[in-house]
Amino acid sequence: MPIVIARDSHTISRANISRNAIRVLTQLQNAGYEAYLVGGGVRDLLLGREPKDFDVATNALPEEVKSVFKNCRLIGRRFRLAHVYFGREIIEVATFRSNRQPEQDGERHAENGMILRDNVYGTVEEDAQRRDLTINALYYDVGDFTVIDFADGMSDLQNGVIRLLGDAESRYREDPVRLLRAIRFAAKLGFIIDPETESPIQSLAPLLSDVPSARLYEEVLKLFLGGSALASFEKLRHYGLFGQLFPATEEALSHEDHDFPITFVNRGLNNTDTRLQQDKSVTPAFLFAVLLWEPVRLGYEAQLTQDLLPAEALQTAANDVLREQIKHVSIPKRFSYPMRDIWQLQPRFEQRQGKRPYRLLSHPRFRAAYDFLLLRAEAGEVELELSKWWTEFQHANSEQKQNMSGQGRRGRGRRRKRRGKNSQSNKPSDE
Ligand code: ATP
Ligand code: MG
């Protein structure tokens, strides 16, 4: 039996729920349907966090939802959903689903236990049971302000526990993305993973290879652009999941560099978290540039020994890494192009004389490439002096700029004068 938590025994207030979500819930209820706020919205409100979005669950069928709202579109095949549009805000409305086998055909699961279609409708109790985590299976009723708890999610929420509903191993097999979701919420909320939920993770990690690369791309963005990138990264590595998503990076990271632990990725992800805290923009292009740089850099160094020009060496290395990478996690072209630019501009930072630094400065991707250079410098991969020079050059007036760049004179010797103290540079220069 579900636990019903009355209005004065929980902390959710309507004032913190999006007006549009309330509108959707009320209109569905007025049309005679059951409708609840569910998922991340309820979870985050109960934790006093600001929800990312508001999901609605109802017993109205997708077509029925569509007939209640003018501003509604049905999407998805494997999982049919209604989207109700209010300007920029979309309220996602899902019909209650069940884990039952469909009556007509038994082909809902693939041989490996993975769910292929998920459109068997059910009751609210059944809907709760097929959700992933207990803390994601709480339902809020805007009509009487109660929270309905079908899976003891409230106590897990209070105790900070990530627990999969049902038998963990079969739930992971049904949908291996749940492996990533368990990690993501543990990282984001700082919760511990219940032992039964935790123990199958490592051994089931290879199941991720069955998940379409486009879906993994979406999950990667949630893992690394949700404000807890560093914690997610560390946990993913701990459970052997990171290597399923980014095998070449995992491989590169497992070889420590001259006894120096490689800190570049950690720093890059930490930087992403900090930017989000400061309400600064983050882009998938920069994120993937960070996540894939270690294998690209190793490939680049190997290519340089083949007597290639730096630009060619880098391009070859980038191609090699990307060709393999997109088999696991896809990257849309609109992000992979700027990502390549960020890499491709790195050797050009070495050239500080004459007109070249001016040209680099006016490159549309200069800012991102410079931020990337700063990370490399902090990680000890290039000299700090180099990144400092570029920081100075950007802010210098035109006379200072001329002095810094030797006014077109090729004073190559000068740039070697000062060496950063902690120079453990393994970045070949391209002179
Ligand atoms: P957030 O939106 O903050 O990332 P969320 O919990 O709302 O977190 P969504 O992806 O928006 O995550 O999903 C909404 C709800 O749908 C979840 O809370 C969960 O109940 C359910 N759900 C999502 N993905 C799965 C899945 N792979 N298996 C089972 N249930 C899921
Ligand atoms: Mg959500």
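These values consider heavy atoms only, across backbone and side chains, with no hydrogens, waters or symmetry-generated copies. Each ligand, and each atom within it, is numbered from 1 in the order the structure gives.
Close approach of ligand 1 to G39 is summarised as follows: ligand atoms under 4.0 Å from at least one heavy atom of the residue are 18 (O). Close approach of ligand 1 to K222 (heavy-atom distance below 4.0 Å) involves ligand atoms 10 (O). Atoms of ligand 1 found under 4.0 Å from any heavy atom of K188 (numbered from 1 in listed order, with element): 3 (O). Of all the atoms in ligand 1, the ones that sit under 4.0 Å from a non-hydrogen atom of R130 are 29 (C), 30 (N). Set against the non-hydrogen atoms of F185, the atoms of ligand 1 under 4.0 Å away are 6 (O), 8 (O). If you number the atoms of ligand 1 from 1 as listed, the ones under 4.0 Å from a heavy atom of R184 come out as 4 (O).
Taking the six-membered ring where the residue is Trp, F224 and F242 present perpendicular rings, their angle passing 60° and hence far from 30°. By the 30° and 60° cut-offs, the orientation of the rings of Y140 relative to H10 is perpendicular.
Between R352 and E385, at least one side-chain N (NZ, or NE/NH1/NH2) sits under 4.0 Å from a carboxylate O, which counts as a salt bridge. Using a cut-off of 4.0 Å between Lys/Arg side-chain N and Asp/Glu carboxylate O, D167 and R171 are scored as not salt-bridged. The pair D371-K280 does not meet the salt-bridge criterion, since no charged nitrogen lies less than 4.0 angstrom from a carboxylate oxygen.
Residue D55 places at least one N or O, backbone or side chain, under 3.5 Å from an N or O of ligand 1. In terms of polar-atom proximity, defined here as any N/O pair under 3.5 Å, G40 does make such a contact with ligand 1.
What sits closest to atom 1 (P) of ligand 1 on the protein, heavy atoms only, is K52 NZ, 3.4 Å. Protein heavy atom nearest atom 3 (O) of ligand 1, with residue, atom name and distance: R43 NH2, 3.1 Å. The shortest contact between atom 28 (N) of ligand 1 and any protein heavy atom is with R178 NE, 2.8 Å. Atom 29 (C) of ligand 1 has D132 N, 3.3 Å as its closest protein atom, hydrogens excluded (heavy atom only). For atom 27 (N) of ligand 1, the closest non-hydrogen atom on the protein side is D175 OD2, 2.8 Å. In this structure, the protein non-hydrogen atom closest to atom 15 (C) of ligand 1 is R131 NH1, 3.5 Å.
Under a 4.0 angstrom heavy-atom cut-off, E92 registers as lying outside contact with ligand 1. At least one heavy atom of R215 sits less than 4.0 Å from an atom of ligand 1. Ligand 1 lies out of reach of R171, whose nearest heavy atom is not under 4.0 Å from it. Residue D53 places a heavy atom less than 4.0 Å from ligand 1.
The angle subtended at the Mg ion (ligand 2) by OD2 of D55 and OD1 of D53 is 100°, given to the nearest 10°.
The closest side-chain donor-acceptor pair between Q394 and W389, if any, does not fall under 3.5 angstrom. Counted by atom type alone, N319 and R340 present one or more donor-acceptor pairs between their side chains at under 3.5 Å. At a cut-off of 3.5 Å, with distance as the only test, a side-chain donor of N20 or R23 sits close to an acceptor on the other residue. Looking at T146 and D141, their side chains never bring a donor and an acceptor atom within 3.5 Å of each other. For Y121 and D127, the side-chain atoms include no donor-acceptor pair closer than 3.5 Å.
Of the heavy atoms in N136, both backbone and side-chain atoms come closer than 4.0 Å to ligand 1. Contacts between R49 and ligand 1 below 4.0 angstrom, taking non-hydrogen atoms only, are absent altogether. When heavy-atom distances to ligand 1 are checked against a 4.0 Å cut-off, R181 comes that close only through its side chain, counted from C-beta outward.
Crowding of E63 atom CD: a count of heavy atoms from other residues, nucleotides or ligands under 6.0 Å exceeding 12.
Under the 6.0 Å distance and 45° angle rule, R97 counts as a cation-pi partner of F79.
Minimum interatomic distance between A82 and V65 (heavy atoms only, all atoms of both residues): CB-CG1, 3.6 Å.
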